[in-house]
Amino acid sequence: MATSLIDIATQPQSIAVVLLSATLLGVIHKRLTRPNSLPLPPGPPADSWIFGNTIPAVYGYRKFEEWTKEYGPLFTLRQGFTTVVVIGRLQAAIDIMEKEGAATVDRPTSIAAGETLSGGMRVLLTPAGERFKKMRRALHAHLQPKSVSAYAPTLMQSARQHMLDIIDEPDRHQDHAKRYAAAVVMALAYGKIPKSYFDPTVLAVNRCLTRLGNNLRPGLWRVDAWPLLRISQGASGWARGRT
């Protein structure tokens with residue numbers, strides 16, 4: 001057995017695999033530990049040199065609040081190869097967006113929610129570029145003031161139904177609001193006005209929104225921190241973060 005293991009270890013293929021693995025680990029370590037070209041806000045130390053900071057899967061915003069109180073309105077996290085600067089206070093966000101509007105016009109790439117779940121067709125998660133420009137032009141044509149004025153009858157009809165729903169079942173006001181929002185979109189896009197929150201279309205829309213919100217939680221999917229997992233995310237649990 002010892003002889004066979006030595007023979008395997010001395011084969012050119014085995015040596016090549018070992019060298020390749022060592023080189024890859026060296027590159028990863030260098031990438032994660034090299035100093036940044038610009039000073040970053042302080043932040044909590046990474047929990048792992050590979051995965052970076054751990055973000056709670058539930059009530060993550062509470063941890064963000066703790067870090068904001070400890071490190072200030074701006075603090076830095078690391079998720080895999082990705083460095084994330086978190087803005088924890090409204091005034092800080094306003095100041096940055098007013099002074100650095102050109103630098104903050106884009107949005108981070110979301111592989112799990114934007115590419116896999118939404119197929120790259122959700123404006124909210126589409127990076128700046130030609131695709132985003134085309135999608136924005138398509139929406140803008142229907143959201144200009146002269147176009148919106150034509151939606152008044154639909155908006156009024158949905159608003160009346162919304163008030164009647166609240167009068168009938170005041171305890172379910174949140175469900176009625178969801179029906180109202182879904183009804184307006186469905187009416188303008190497809191000419192259909194759902195009458196109840198239990199309408200299959202309304203339920204489907206809200207399931208979609210809930211699924212999107214869940215998949216946008218920071219740190220949920222490993223593939224967002226390690227884009228190389230994109231090719232295997234359907235077959236490997238490594239693409240997913242904590243459950």
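Basis for what follows: all heavy atoms, side chains included, without hydrogens, waters or symmetry-related copies.
Between His176 and Met163, the closest side-chain pair of non-hydrogen atoms is not below 4.5 Å. The shortest distance between side-chain heavy atoms of Val205 and Val185 does not fall below 4.5 Å. Thr54 is not listed as a side-chain neighbour of Ser48, based on a closest heavy-atom distance of 4.5 Å or more. In this structure the side chain of Tyr71 never reaches within 4.5 angstrom of the side chain of Pro41, judged on heavy atoms. Contact annotation: the side chain of Leu125 approaches that of Leu216 to within less than 4.5 Å [non-hydrogen atoms, C-beta and beyond]. Within the 4.5 Å cutoff, the side chain of Lys178 has heavy atoms near those of the Tyr197 side chain.
In this structure, CH2 in Trp221 is found 9.0 Å from CG in Leu117, a value given to the nearest 0.5 Å. The NE2 atom of His173 lies 10.0 Å from the NE2 atom of His162; values are rounded to the nearest 0.5 Å. Note: Ile193 CD1 to Leu188 CG = 8.5 Å, rounded to the nearest 0.5 Å. Considering CZ of Arg78 and CG of Asp47, their distance stands at 9.5 Å, rounded to 0.5 Å. The line from CG of Asp171 to CD of Glu169 is 8.5 Å long, rounded to the nearest 0.5 Å.
No donor-acceptor pair closer than 3.5 Å links the side chain of Ser118 to the backbone N or O of Gly120.
Applying the salt bridge (Lys or Arg N to Asp or Glu O under 4.0 Å) test to Arg172 and every residue at least two apart in sequence or in another chain returns Asp175.
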For a side chain to side chain contact (heavy atoms under 4.5 Å, CB included) check, start with the C-alpha distance between His142 and Tyr151, then their side-chain angles and the critical distance, and finish with the verdict. CA-CA 10 Å; His142 298 281; Tyr151 305 153; 3.7 Å; yes
List the steps and the verdict of side chain to side chain contact (heavy atoms under 4.5 Å, CB included) for Trp67 and Leu77. CA-CA 10 Å; Trp67 284 332; Leu77 302 177; 3.7 Å; yes
Do Glu98 and Ile94 pass the side chain to side chain contact (heavy atoms under 4.5 Å, CB included) test, and can you show the C-alpha distance, the side-chain angles, and the key distance before you say yes or no? CA-CA 6 Å; Glu98 287 181 346; Ile94 293 175; 3.5 Å; yes
For Lys192 and Asp199, run side chain to side chain contact (heavy atoms under 4.5 Å, CB included): C-alpha distance rounded to whole Å, both residues' side-chain angles, the deciding distance at 0.1 Å, then the answer. CA-CA 11 Å; Lys192 177 183 178 181; Asp199 185 286; 4.0 Å; yes
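The shortest non-hydrogen separation linking Thr68 to Gly88 is OG1-CA, 3.7 Å. Taking both residues in full, the closest heavy atoms of Phe75 and Pro44 are given as CD1-CD, 4.3 Å, listed atom of the first, atom of the second, then distance.
In the displayed structure, Gln174 atom CD is contacted under 6.0 Å by at most 12 heavy atoms of other residues, nucleotides or ligands. Around atom CD of Glu130, more than 12 heavy atoms belonging to other residues, nucleotides or ligands sit under 6.0 Å away.
Residue Ile96 is found in a hydrophobic cluster whose other members, listed by chain and number, are Leu74, Ile87; membership requires side-chain heavy atoms under 4.5 Å apart, directly or through intermediates. Hydrophobic side-chain contacts under 4.5 Å tie Val123 into a cluster, directly or through other members, with Phe132, Met135, Leu139, Leu143.
Between Thr76 and the options Asn53, Val85, Val84, a side-chain contact (heavy atoms from CB on, under 4.5 Å) holds for only Val85. Applying side-chain contact (heavy atoms from CB on, under 4.5 Å) to Arg179 and the options Asn206, Val202, Leu203 leaves one that passes, Val202.
Ionic pairing of Glu115 and Arg122 is not present here: no N-O contact between side-chain nitrogen and carboxylate oxygen is shorter than 4.0 angstrom. Using a 4.0 Å cut-off between a side-chain N of Lys or Arg and a carboxylate O of Asp or Glu, Lys63 and Glu66 qualify as a salt bridge.
Val148 is connected to Val184 through a chain of hydrophobic side-chain contacts under 4.5 Å among Ile, Leu, Val, Met, Phe, Trp and Tyr, so both are in one cluster.
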